[in-house]
Amino acid sequence: MIKISERGRFCAVCGTMNGPFLDNLCEKCYKKENPLKIKKLDSLQVEICYECGTLRILGNRVDTWKRDENLEEIIREVARSAIIEKLEVDTPLQYEFEDDIEESKIMNYGVKEFATSTRVYAKPHEDFSEFEESFTTRLKMHRTVCDECSKYKTGYYEAILQVRGEDRKLTEKEEEDIEALIERMMKQYEDARMAYILDLDVDQDGITATVSTKFLAESLAKEIKGISAGKITVAYEHKTTSRDGTDVFTNTYLVRLPIFSKGDVLEYDKILWVVKSVSEQQIKMESLENREIRQHDRKRVEKRGRKKNDEIVMREYMIVSKEINAVVIMAMDNYENYEDNLERLPPKKEEGENITGFIYDDRNYYLE
Ligand SMILES: [Zn+2]
Ligand SMILES: [Zn+2]
């Protein structure tokens, strides 16, 4: 390479003697012969989903719901990176962008075309001023329904979620709690793609839901297991037909709730207990003989405990008088008074207060 600014030299093309020179050319002629080698992006297609706002640009999905910026900012950012990527240059460049993108024009007025003008510049030679190129890229907006939203519209789903009781129906409380849990979780997924429940049925078998994705069904199943100490089993690849007639393979996530649940009356170790709570390994029960609360091994209780819910007859009582060892109780249905042991009563009950309980095998028991 010949050194720039030699005295008495002239430009090989235009003949000027005003330096500096590079490769025997003045700045103007050198720039003409050696423009910035860039690939200019003329136009860019931007697909925007009506339903979920997802963008598709150059074959890539951009999930707008994950981001904090508004649509306008996202389009701008994505368009700029597409323009820069297209340039394919080795030398470090600087850019300036200007555009007329306006979110409200896209969303409210259906404006289909915007423009981004790009000025690219670089300074590869110290003695020459900046090299510069400018061009305009047309941004063409297409409002459409993305693949995933169209799946939803055609009733596509990948999984079934079932909640059942072990040899029993779900209690009303369980149904309510689980429905509320599902509702709460779906609120969290409100803006997520492909997270929806097509149908949710609550009937005598339990709760059944058709769920968009296996991931979502599994997450829901785990949460339900978490609040119920149930067990999850998965049946893979049940083939079903979606509403639009195509075959899909679905997984069925079954949450089986424990055989005993809160409030059940059990006979275990020859006395009656009321179930307070059930966890994965243990079952917490209160003795109806002396109000002692104990943790038992869940498996053991499930094996030997006998549920008495169907054999008991509910009854109302009132405490007539309360001594240290004995209390006088009145049954509210026949006003009969009788004595019982204080330790069999729920704690903190005073004279004159009512108690709910039941009669079983000719004996009175007190719940609360
Ligand atoms: Zn020249
Ligand atoms: Zn969509």
Side-chain angles (χ1 to χ4, degrees), residues 155-187 189 195-214 216-243 248-268 272-280 283-285 298-299 301-315 356-360 365 367-368:
Y156 174 92
Y157 64 93
E158 293 175 356
I160 293 170
L161 173 69
Q162 293 178 329
V163 186
R164 301 287 185 265
E166 182 76 51
D167 291 328
R168 65 177 176 90
K169 289 178 183 170
L170 301 188
T171 65
E172 239 171 76
K173 177 86 168 67
E174 284 170 335
E175 284 176 0
E176 278 170 19
D177 288 351
I178 292 165
E179 273 188 282
L181 174 75
I182 292 174
E183 205 173 299
R184 226 170 26 244
M185 283 194 69
M186 292 312 291
K187 266 237 151 62
Y189 284 112
Y196 54 81
I197 288 177
L198 284 176
D199 295 302
L200 181 80
D201 280 333
V202 183
D203 60 20
Q204 56 178 8
D205 293 332
I207 297 172
T208 307
T210 44
V211 182
S212 56
T213 66
K214 290 166 183 152
L216 178 61
E218 195 179 351
S219 313
L220 291 168
K222 282 181 180 161
E223 289 290 324
I224 293 166
K225 174 193 154 103
I227 62 161
S228 67
K231 289 196 169 72
I232 300 178
T233 52
V234 189
Y236 295 100
E237 310 229 307
H238 281 197
K239 196 175 170 193
T240 56
T241 306
S242 76
R243 281 190 217 145
V248 281
F249 289 95
T250 57
N251 286 0
T252 300
Y253 296 82
L254 169 62
V255 188
R256 230 176 238 299
L257 303 198
I259 187 161
F260 300 129
S261 60
K262 186 180 174 183
D264 281 346
V265 172
L266 304 188
E267 188 182 83
Y268 178 71
L272 291 194
W273 305 77
V274 60
V275 175
K276 306 301 274 184
S277 66
V278 183
S279 68
E280 209 151 313
I283 182 163
K284 192 166 147 189
M285 304 198 292
R298 179 171 152 188
K299 270 198 194 126
V301 175
E302 286 185 344
K303 211 166 168 188
R304 301 193 189 167
R306 296 283 165 266
K307 201 189 288 199
K308 296 295 176 189
N309 294 16
D310 295 338
E311 297 166 49
I312 64 181
V313 178
M314 297 304 286
R315 219 176 174 196
T356 305
F358 60 86
I359 189 161
Y360 169 73
Y365 293 87
L367 291 170
E368 53 183 7

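Because only heavy atoms are used, hydrogens play no part in the values below, and waters and symmetry mates are left out as well, while side chains stay in. Each residue takes its place number in the sequence, starting with 1.
- Looking only at distances, a side-chain donor or acceptor of Arg168 sits under 3.5 Å from a matching main-chain atom of Pro258.
- Tyr196 and Leu216 get closest at one heavy-atom pair: N-CD2, 3.6 Å.
- Side chains of Thr208 and Arg164: a donor-acceptor N/O pair is present below 3.5 angstrom, by distance only.
- Residues Ile160 and Tyr253 are not in side-chain contact: their nearest non-hydrogen atoms beyond the backbone lie 4.5 Å or more apart.
- Of the possible polar contacts, one joining the Thr210 side chain to the Asp199 backbone as a donor-acceptor pair under 3.5 Å is found.
- In this structure, the separation between CG on Asp205 and CG on Leu170 is 9.5 Å, given to the nearest 0.5 Å.
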- [ ] For side-chain contact (heavy atoms from CB on, under 4.5 Å), just list the numbers for Met186 and Ile197, CA-CA rounded to whole Å, side-chain angles, deciding distance to a tenth of an Å, and then say yes or no.
- [x] CA-CA 8 Å; Met186 292 312 291; Ile197 288 177; 3.9 Å; yes

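- Residue-environment remark: NZ (Lys262) stays at or below the threshold of 12 foreign heavy atoms within 6.0 Å.
- In this structure, Lys231 and Lys225 have side chains that are not in contact, with every pair of non-hydrogen atoms separated by 4.5 Å or more.
- Listed here is the closest heavy atom pair of Ile259 and Asp264: O-OD2, 4.2 Å.
- Ion pairing between a basic and an acidic side chain is recognised when a charged N comes within 4.0 Å of a carboxylate O; Lys308 and Glu311 show such pairing.
- Looking only at side-chain heavy atoms (C-beta outward), Leu254 and Val234 stay at 4.5 Å or farther from each other.
- Taken from OG in Ser261 to CD in Glu166, the straight-line distance is 12.0 Å, to the nearest 0.5 Å.
- Of the charged side-chain nitrogens involved, at least one lies within less than 4.0 Å of a carboxylate oxygen, so that Glu302 and Arg298 count as a salt-bridged pair.
- Of all heavy-atom pairs between Asp203 and Glu175, the closest is O-OE2, 4.2 Å.
- Contacts of Lys222 classified as side chain to side chain contact (heavy atoms under 4.5 Å, CB included), with partners at least two apart in sequence or in another chain: Glu218, Ile232.
- From Arg315, atom CZ reaches atom CD1 of Ile359 across 4.5 Å, with rounding to the nearest 0.5 Å.
- Side-chain atoms of Thr250 do not come within 3.5 Å of backbone N or O of Ala159 as any donor-acceptor pair.
- Within the model, atoms OG1 of Thr213 and OH of Tyr189 stand 8.0 Å from one another, a figure rounded to the nearest 0.5 Å.
- How far CD of Gln162 is from OG1 of Thr252: 5.5 Å, rounded to the nearest 0.5 Å.
- Annotation: side chain of Val301 is in contact with side chain of Phe260 (closest heavy-atom distance under 4.5 Å).
- In this structure, Tyr360 has no ring-ring contact (aromatic ring centres under 6.0 Å, His included) partners at least two apart in sequence or on a different chain.
- Distance check: Leu272 CG to Ile312 CD1 gives 8.5 Å after rounding to the nearest 0.5 Å.
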Task: side-chain contact (heavy atoms from CB on, under 4.5 Å) evaluation trace for Ile283 with Met285 - done: CA-CA 6 Å; Ile283 182 163; Met285 304 198 292; 4.1 Å; yes

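- A donor-acceptor pair under 3.5 Å is absent between the side-chain atoms of Asp177 and the main chain of Glu174, judged by distance alone.
- A distance-only check finds a donor-acceptor pair linking the side chain of Trp273 to the backbone of Tyr268 [under 3.5 Å].
- In terms of heavy-atom proximity, Ala221 sits nearest to Leu161 at CB-CD1, 3.8 Å.
- Applying the side chain to side chain contact (heavy atoms under 4.5 Å, CB included) criterion to Lys284, with sequence neighbours excluded, gives Lys276, Ser277, Ile293, Gln295.
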Task: Chi angles and distances behind the side-chain contact (heavy atoms from CB on, under 4.5 Å) call for Ser219, Met185 - done: CA-CA 9 Å; Ser219 313; Met185 283 194 69; 4.2 Å; yes

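- Of all heavy-atom pairs spanning Gly155 and Leu198, the tightest one is O-CD1, 3.3 Å.
- For the pair Gly230 and Val255, the tightest heavy-atom approach, listed with the atom from each and the gap, is CA-CG1, 4.4 Å.
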Task: Val202/Glu179 under side-chain contact (heavy atoms from CB on, under 4.5 Å): CA gap, chis, key distance, verdict - done: CA-CA 9 Å; Val202 183; Glu179 273 188 282; 3.7 Å; yes

